[in-house]
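What follows is a single structure, written as structure tokens, with notes after it.
Numbering starts at 1 and runs along the sequence shown. Remember, it's 1-based here, ligands and their atoms both numbered in the order they're listed.
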Amino acid sequence: MSAPRHPALHASHSGCWLHDGQGSARALSKGQAVTAVADAPHLILNAPLLATRLGYPDLAGLDLLELYAFVHPARFVVPTPKGLADALGLPRPDADSEVPELLQRAAMRLLETCEQPDWAEREGAWTSLQSLVKMRWPWAKLLAPRLAKPQKAERWIFTRLPEWEESPEPPQPRQLNIPDGAVLDRLAHLTGQGAEERAGQKAFAVEAAHAFAPRTRAGLPHVVLAQAGTGVGKTLGYLSPASVWSEASGGTVWVSTYTKALQRQLRKESRRAWPETRPDGSQPVVVRKGRENYLCLLNLEDALQGGFAGRAAILAHLVGRWAAYTQDGDMIGGDLPGWLGTLFHKRGIAALTDQRGECVYAGCPHYRKCFIERATRASVNADLVIGNHALVMINAARGRDVASRPTRIVFDEGHHVFDAADSTFAAELSGTEMIELRRWVIGPEKKSRGRRRGLAARLADVASYDDEGDKAILTALSAAEALPSDGWLQRINDGEPSGPLEELLAAVRATVYARDESGGQEAGYGLETEAAGLEGPFVEASQAARLALSELRRPLIQLALRLEALLEDGPDWLDGQGRARIEGARHSLTWRIDLLVAWENLLERLGGPADPEYVDWLALARSEAREFDIGIHRHWLDPMKPFAKVVLEPAHGVIMTSATLRDGDSWDRAIARSGAPHIEVSPRLSLSPSPFDYAAQAEVLIVRDVPRGDIAALAAAYGRLIEASGGGVLGLFTAIRRLRAVHGRIADRLARGGLPVYAQHVDPIDTGTLVDIFRDDPGASLLGTDALRDGVDVPGHSLRTVIMEQVPWPRPTILHRARRMAGGGSAYDDSIIRARLAQAFGRLIRSKEDRGHFIVLSSAFPSRLLDAFPEGTPISRISLDEALQRVAGHASGNLIATPADRTDRG
Ligand code: SF4
């Protein structure tokens with residue numbers, strides 16, 4: 001069949017090019033490009049990105065990424081012309097002007113794939129296409145003639161997925177000490193024959209093994225704090241004792257990470273120690289995430305059957321294609337392309353997960369195929385579970401059963417445990433949270449689509465059998481009417497709050513506006529004020545709200561008790577599936593009851609004396625001056641206190657490891673932030689320095705002459721440094737506003753010189769994909785904020801310069817102020833800054849071959865912060881011109897010199 005003759009359009013920061021199917025591409029203005037795409041559908045790549053480049057938000061066309069998602073669901077592609085060319089085995093374009101032709105070839109290649117008899121992802125495509133034709137998906141017409149109707153009717157996606165198997169609860173792990181020799185032998189096996197001997201890695205593995213020794217007293221786990229510099233190879237270092245222990249004891253080890261990048265890496269590295277499947281088909285290694293990450297098949301079924309409309313319905317069909325080929329159903333950071341949500345609607349992806357906790361468990365027709373249930377069950381019998389910090393904490397706090405609670409845990413990226421504990425153990429009484437609870441109890445309001453049903457519908461059979469249960473459900477429904485409902489924010493803005501909780505939120509808003517002195521009002525940022533010195537009417541409103549919440553909590557407790565009674569002494573018709581469903585409902589009830597208790601406690605104290613354990617404040621969440629939430633927040637002054645009780649105390653062995661646990665040379669901060677002192681455990685301390693030669697591989701340049709607060713000068717400095725480096729720059733900002741301003745000033749000019757600059761918060765691309773794009777193109781640079789400071793692992797030439805716009809001071813929030821006061825004032829700030837600098841520096845040198853510059857634009861960089869950088873790293877305070885020479889020298893192949901006179905550690 002002949003190739004599609006569609007015109008193709010490409011736009012970058014350096015210009016626009018169109019190929020009309022004849023001759024070669026021609027350059028055109030933005031205005032001409034907009035007219036062209038408005039007149040006829042064009043082949044394009046990444047419509048939202050193109051729309052931003054053209055300043056034309058309504059842009060639509062034949063997006064190659066959508067076609068790719070249909071033809072190769074669950075297959076990785078970097079969503080750039082080069083990435084697409086690589087994925088399809090086509091020649092890479094050398095210039096922007098060649099991209100339109102590439103798009104035409106790529107379209108042809110993908111369409112032709114559908115005609116090939118050996119197309120791996122054929123099953124389900126024809127059926128899915130029939131629906132997409134009806135929805136007028138732009139590609140459907142082009143695909144239809146190429147996709148032959150299968151001779152045998154295709155199985156429905158929900159029939160095709162495999163079922164999980166029930167398995168018995170595992171016995172307790174054996175208690176044993178693992179000898180050093182076994183650990184080292186395993187390490188040698190994992191690193192492979194001929195691998196370079198790494199003394200630091202061996203020592204690390206032996207130290208880590210101590211965490212697996214039997215406990216001597218209840219409540220006293222072994223805690224190992226292990227700082228291992230970049231390049232030590234700590235992953236295999238802890239996987240060695242972990243795999244020896246799990247093999248010998250039959251127990252499960254959890255490895256917890258903070259970033260998805262490390263999770264992906266761990267999944268890969270664990271293959272050295274464990275096979276993909278055991279002989280019985282079960283998985284020895286399981287990746288676990290929060291339920292809100294996975295596709296809920298019942299939500300997908302709803303969406304496919306009319307619950308979604310317009311573009312969202314097309315998204316549902318593409319997700320349906322993916323569901324049949326995914327490894328584990330993980331939609332956020334798994335094998336569903338991160339860009340798919342941006343092409344359609346991010347909320348579309350969220351609506352397909354189980355975000356609202358509306359799972360009906362065994363009452364669900366897809367229960368036996370459910371991805372979440374599969375992962376939960378698999379992890380109970382796994383040797384290794386790869387999770388994240390928040391999930392490990394939540395599982396320890398309220399795991400569905402004892403067997404799923406982690407007892408041997410390795411917290412990699414251990415420097416983030418404090419932040420994860422801070423959010424996990426916090427309470428937030430906000431409009432958004434309350435409306436979620438309302439929907440969970442009552443169900444959605446009338447105009448909402450989809451399956452979402454309230455408590456009454458989910459427990460209809462219990463209500464019909466058990467009068468008391470029925471009464472409790474009805475009382476809960478009526479009490480939940482007091483919670484904010486749709487339109488709450490508008491009513492509060494109009495001065496017409498409805499019910500005690502909306503009235504409280506209105507009082508919070510008024511108080512925040514009255515008291516805020518942060519300067520954020522004009523800048524459009526979120527606002528906050530401490531919850532102290534509150535007036536009588538505020539306190540009255542909070543007590544009325546507390547009463548309303550307790551009136552909802554009471555019937556929920558009643559209902560939980562009824563469900564418990566049913567489980568103990570249930571009717572004959574209550575089979576295994578019914579019991580599992582009631583067990584599930586009871587579990588989610590307990591979670592809601594705990595939430596209500598936390599909210600009531602928070603309100604009870606407002607107006608009374610402050611509790612020194614907590615920091616309470618009122619906040620107005622805003623984005624670019626638009627209010628989107630109002631709430632009262634409570635955080636632990638030291639979140640490691642609940643962490644120690646909930647996670648450490650029941651555990652038997654815990655390792656916390658990172659390249660940046662310590663503060664300079666001191667362990668004090670690492671020990672305090674492990675939580676160990678709260679349960680009177682003295683952690684074992686282990687230090688493995690990086691094997692890298694920082695003196696030869698890296699150089700820190702502190703540029704003195706870029707004036708603080710001068711955006712034009714900051715942008716000029718970034719632009720010149722990126723040019724000098726020839727791209728390969730990771731630019732880190734502490735404020736989104738400055739990031740956008742700098743990007744806006746330099747992106748077009750640099751792109752015209754062949755140096756594309758991507759940016760978080762500017763480009764409509766998720767962070768993971770941005771990092772993939774950056775890694776894939778050595779000429780590209782990437783600007784971003786916090787998430788990039790330690791979520792980027794790009795060894796090799798693609799990352800050779802890191803630039804920090806200024807000293808990364810902590811934001812002066814109310815929570816920060818309280819912790820600063822408790823933690824020693826400016827010394828507390830310094831420890832935070834040193835940690836941030838060390839993490840950011842850690843992005844630069846990822847392998848022995850890496851070379852690069854770490855640049856801080858700061859006229860007054862305090863010398864006391866210099867020990868954030870690894871021992872031996874040369875540090876110079878120089879002018880921008882000198883820095884440009886150094887960077888350009890490196891870019892042209894001169895190795896970094898290390899004259900002793902340039903070292904300045906103050
Ligand atoms: S069991 Fe729950 S999460 Fe799984 S598919 Fe059914 S409703 Fe969704």
**Message:** With a 4.0 Å cut-off on N to O distance, would you call R634 and E428 a salt bridge?
**Reply:** no

**Complete:** ligand 1 to R291, heavy atom cutoff 4.0 Å, flagged ligand atoms 3 (S)

**Item:** N/O/S atom of C296 inside 2.8 Å of atom 8 (Fe) of ligand 1, strictly under
**Value:** yes

**Asked** Are D470 and R562 ion-paired here, with the side-chain N under 4.0 Å from a carboxylate O?
**Response** no

**Message:** Which option wins on minimum heavy-atom distance to atom 2 (Fe) of ligand 1: G584, C359, G329, C364?
**Reply:** C359

**Asked** Salt bridge or not for R586 and E583, using N-O below 4.0 Å?
**Response** yes

**Asked** What class does the angle between the rings of H389 and Y258 fall in, given that below 30° is parallel, 30 to 60° is tilted and above 60° is perpendicular?
**Response** tilted

**Complete:** In ligand 1, the atoms that come under 4.0 Å of a heavy atom of C370 are 1 (S), 3 (S), 4 (Fe), 5 (S)

**Message:** For E373, which part has a heavy atom under 4.0 Å from ligand 1: side chain, backbone, both, or neither?
**Reply:** neither

**Asked** Is the shortest side-chain N to carboxylate O distance from E123 to R155 below 4.0 Å?
**Response** yes

**Prompt:** Going by the atom numbers of ligand 1, which of them fall below 4.0 Å from some non-hydrogen atom of I372?
**Reply:** 3 (S)

**Fill in**
Per-atom filter on ligand 1: closer than 4.0 angstrom to a heavy atom of L298 are 5 (S), 7 (S)

**Request:** Give a yes or no on whether a salt bridge exists between K260 and D330, defined as a side-chain N under 4.0 angstrom from a carboxylate O.
**Result:** no

